[in-house]
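Have a look at the structure below before the remarks.
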Amino acid sequence: MSSNNAHDNNPASLIHRRAFLLGTGAAGATLGTGLGVGYAQKARAADHKLRIARLHLELAPGKVIDTFGYNGTVPGPLLRLREGRQVSVDITNDTDIADIIHWHGLYVPSVVDGAMEEGSPMVEPRHTERYIFTPRPTGTRWYHSHDMAGTDLTRSLYSGMYGFLVVEPAGDPGRYDREVLLAAHHWEPSWVSMQDIRKGPPPDNGLEVLYASASFNDRTLGHGEPIRVRQGERVLFRLLNASASENVLLAMAGHRFTVVALDGNPVPTQRPVDTLFLAPAERVDVIVTMDNPGVWVFGSARDEDRSKGLGVVIEYANHRGEPQWLAPATSPWDYTIFGDGRTVASPDQRIELLFEKIPGGHGGYNKWTLNGKSWPNTNPLFTTEHGKRYRLVMTNKSGDNHPVHLHRHTFEITKVGEKATAGVMKDTVNMTRFSTVEIDFVADDPGPTLLHCHHQDHQDEGFMGMVTYL
Ligand SMILES: [Cu+2]
């Protein structure tokens, strides 16, 4: 990472930029674009540059996906940032559609969070916007398009517009020998009717998105370079589900995972598990001790997803041959096993949120409601007071999974179903079908804050609300 502290601390440029950002809400985006480019031309080079452009992604020989990405790669470049050290990122949009990049899991002001609804500027076609922010907290974060896709399955998270953002602490404990970053993604989406596929219920359900292929990073299983390991090595895997709407269930044949962090935040209780479940937007950091020499498959525990390409080969030094797959022992994913028994502070206020589906019917699109309303009628969802602790008591009254994401804040999972827990800190929590989850957060980052389902289609179909500050 290049950095120039002398310029970072230049108050004139910061004030200029802040004034510009604060002066433009969503309605000011058009005006802001010209100012942003003028500013960018005068200033020194940014610490990082991301260019949004079309790209042809070769998942396997002869299998090419026509998509969009950052800097010509999928995932985009790894942004490895230092906690508390301000960075500038120039985002250039070389496409014909305005887009925006959200810094997922960071405490940053609303105007640079990368969500138009919170007042961050869109990056207009053929323009550059400079985003300046100070990354925190440490851990595995990511960045991705926060544009609306609607019915267009080429845009936003249906595309390759995502990348890892790792915030490093000042002093890195480094208890692992090396790290591997893998982002799961599903490709070739299409709208389908479950009634046509399954010939059965639910009869009133609307269209769903299904995918023909899947990958870790830019290659399907068997078509990328294997991950080469040595016996006895301890490898840190930073795993991300960057799919627009598919859950992933992962296993590494012959090995177990020790979960050390969820959504980048260290867990109170590290546990070995056979499988990892990640809903869209979730991250899991695991350490695998390489103690079973051979050539193995690390991939989806679901045969269908593995055959679509979701996996990578693990190859020990001096071992050759066909990669082996062993079906793992599976048990339901349970966040609470990584928590602890500490006493959770009482919230200042409990807020009940009910999530429901309005089925779109055969050939139609579903609609989603929060307490009976769909975005934008959900704005504001509720209003907070700076410094107070809120408990969201969430009920999923639908047969679908919903990874609920709160922007700009980290929350604590305090209850899953009837199981109380503490200490598991996340920014996205998956609600399984017909389930209840309680999360606590402290309103300590003033500014408009989105809460939404991270399924691209659910979000675009109304599953979004704005948390505001008094
Ligand atoms: Cu959802």
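Note that ligands are numbered from 1 as they come in the structure, with each ligand's atoms numbered from 1 the same way. The shown structure was predicted, so the numbers you read here are calculated from the model rather than taken from an experiment.
Between K426 and E282 there is a salt bridge, since a side-chain N of the basic residue sits under 4.0 Å from a carboxylate O of the acidic one. Ion pair R306/D303 flagged as a salt bridge, since at least one NZ, NE, NH1 or NH2 atom sits closer than 4.0 Å to an Asp/Glu carboxylate oxygen. Under the 4.0 Å criterion applied to side-chain N and carboxylate O atoms, R391 and D348 are not assigned as salt-bridge partners.
Evaluated for a ring-ring contact (aromatic ring centres under 6.0 Å, His included) with H405, the options H146, H458, H144, H102 yield exactly one hit, H102. With T140 as reference, D285 is the one residue of V167, D285, D263 to meet the side chain to side chain contact (heavy atoms under 4.5 Å, CB included) rule.
F298 and F216 have their aromatic ring centers within a separation under 6.0 angstrom.
Near the Cu ion (ligand 1), less than 2.8 Å away, sit the protein N, O or S atoms H402 ND1, C453 SG, H458 ND1.
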